[in-house]
Structures are given as C-alpha cells and as structure tokens.
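Here is how names work: the chains are called A, B, and so on, in the same order as the sequence lines, proteins then strands, and each is numbered from 1.
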Amino acid sequence: AQSVTQLGSHVSVSEGALVLLRCNYSSSVPPYLFWYVQYPNQGLQLLLKYTSAATLVKGINGFEAEFKKSETSFHLTKPSAHMSDAAEYFCAVRPDYGGATNKLIFGTGTLLAVQP
Amino acid sequence: KAGVTQTPRYLIKTRGQQVTLSCSPISGHRSVSWYQQTPGQGLQFLFEYFSETQRNKGNFPGRFSGRQFSNSRSEMNVSTLELGDSALYLCASSLAGVGDEQFFGPGTRLTVL
C-alpha cells in the first residue's frame, strides 16, 4: 500500500532561516504528491503538488519541493522562514494512480514553529 | 467565489446518539471527499462522492455513511456514536477530474461525551 512518512513531528527554526520539512513516499508507480498546510482551527490549504511534470515544484508563499525518485523523497523547503509560516504541514500521496479517485493518504504531519 | 462550507462548525453529542454533518462544495465542483482528523490517527480518508455515487471508501465501520445530492452537497452520518469518534471532520471538494486540486472546508469539530 502506498504511504508517506514525515520525519520530525516538530521542527523549530528561527525567522529568516531555511525551512526543510521531510517527506518520503512508498510507491511502485509514479505518484501524485502534495503538501498541505493547516493553520489552527482551519482546514487544509494546498501548498503545491507534483504530478510527474517538473521535478522541482514551486508553490504558494515561497515554498517549493523537489521530487527525487532515487531517494523516494519530496521534501518541502523555503529559503527564509516568516513568523506567519508557523503551522502544521502535511505531505500526502494519491494512491490509486490512474484510478478514478481523489483519495489522499496523509503523513502524520510536522508542526513548524518559527522563533523570532 | 465562496469556499467549501461545513455545518455545523462545532457539535457536542453523547455516546449512542447519531449525528449528521453537512458539506457544501465550491460552486461547480462535483467531487466531495470526507476525512477524519484525530491526534492519534491523523488524517484518514472516509469516503468520496462524485455525481451522487460513492467513488471510494476508506476503512471505517458501517456506522459511518454518506451521500451526495444532485446539487453536489454532501452529508455524512455517524450512528451509535462512540467516544473515539470525537474528531475534526473535514470535507474537500474538487471539480471532477482525478488529480484536480482539492479545496478543504474549515471542518466540523465533533465531541462525543
């Protein structure tokens, strides 16, 4: 079964520092991969998605992620953290590649704290 | 364009009761998915509807059910509530195609006492 693993349930960075949130996937076929952000008491917002086009995907709010098949990774990065980036981030995979579904399997989430 | 709306936002029920949650997708969206979010199990897929038909179902007991109406609005029902059903229930809508971006609502926070 396809799955994603997020390393680090809590990550703390200083304002202005690099943000790196890790996600590894398990898939026997090229997956659809996503990063979502969740602010307190809100739903999920899509940051970016990989759909087998370019391996470097740019998203909203200055975030980007690189798909590395050899490492089965899809890590999320942002060059300079802002206080408003403090939130929980979820990596997700759409498991039924080629099938008629939008079902997503989510990782366990990484809570990002940004210190002033 | 209005986003995905979910009602009610907060709900308190007691064990054994049943509950119905509602989701109104973005206008023009025909696919609606439901997810349960808990601290212990994280985000788990419940079911997905497209054109009033269940397109996929997660691994939840039969107490969890859903439906979609002709206007794409969706409801989910949980019967015989258990304490473990306390969670944030999220609804997401997308246009129709597989791989289309899913837009999430703010969720319904259900507390079972």
Keeping the roles fixed (side chain from A:N102, backbone from B:E48), state whether a donor-acceptor pair exists under 3.5 Å. no
Choice from B:Q41, B:Q37, B:R109, B:Q44 maximising heavy atom contacts with chain A below 4.5 Å: B:Q37
Sub-3.5 Å donor-acceptor pair from the side chain of B:Y49 to the main-chain atoms of B:G66, do we have one? yes
Chain B contacts, top residue of A:L46, A:N41, A:T108 (heavy-atom pairs, under 4.5 Å): A:L46
Chain B contact via A:Q38 - side chain, backbone, both or neither, heavy atoms under 4.5 Å: side chain
Which atoms of B:Q102 are under 4.5 Å from chain A, going by heavy atoms: the side chain, the backbone, both sets, or neither? both
Residue by residue, which of residues 7-18 of chain B have a heavy atom closer than 4.5 Å to a heavy atom belonging to chain A? B:R9
Please state whether the side chain, the backbone, both or neither of B:Y35 comes within less than 4.5 Å of a heavy atom of chain A. side chain
Okay, side chain of A:S73, backbone of A:N24: is any donor-acceptor separation there less than 3.5 Å? no
Below 30° counts as parallel, above 60° as perpendicular, anything between as tilted: where do the rings of A:Y36 and B:F104 land? perpendicular
Engaged part of B:L43 at the chain A interface, taking heavy atoms whose separation is under 4.5 Å: both
Step through the shown structure and confirm whether more than 12 heavy atoms of other residues, nucleotides or ligands are within 6.0 Å of CZ on A:R22. no
Polar side-chain atom of B:R63 near backbone of B:S79 as donor-acceptor pair, under 3.5 Å: yes
With a 4.5 Å limit on heavy-atom distance, are the side chains of B:L110 and B:L81 in contact? yes
Verify the ring-centre separation between A:Y50 and A:F34: is it less than 6.0 angstrom? no
If you tally heavy-atom pairs under 4.5 Å against chain A, which of B:P106, B:G42, B:G107, B:C91 wins? B:P106
For the rings on B:F45 and B:F47, is their centre-to-centre separation under 6.0 Å? no
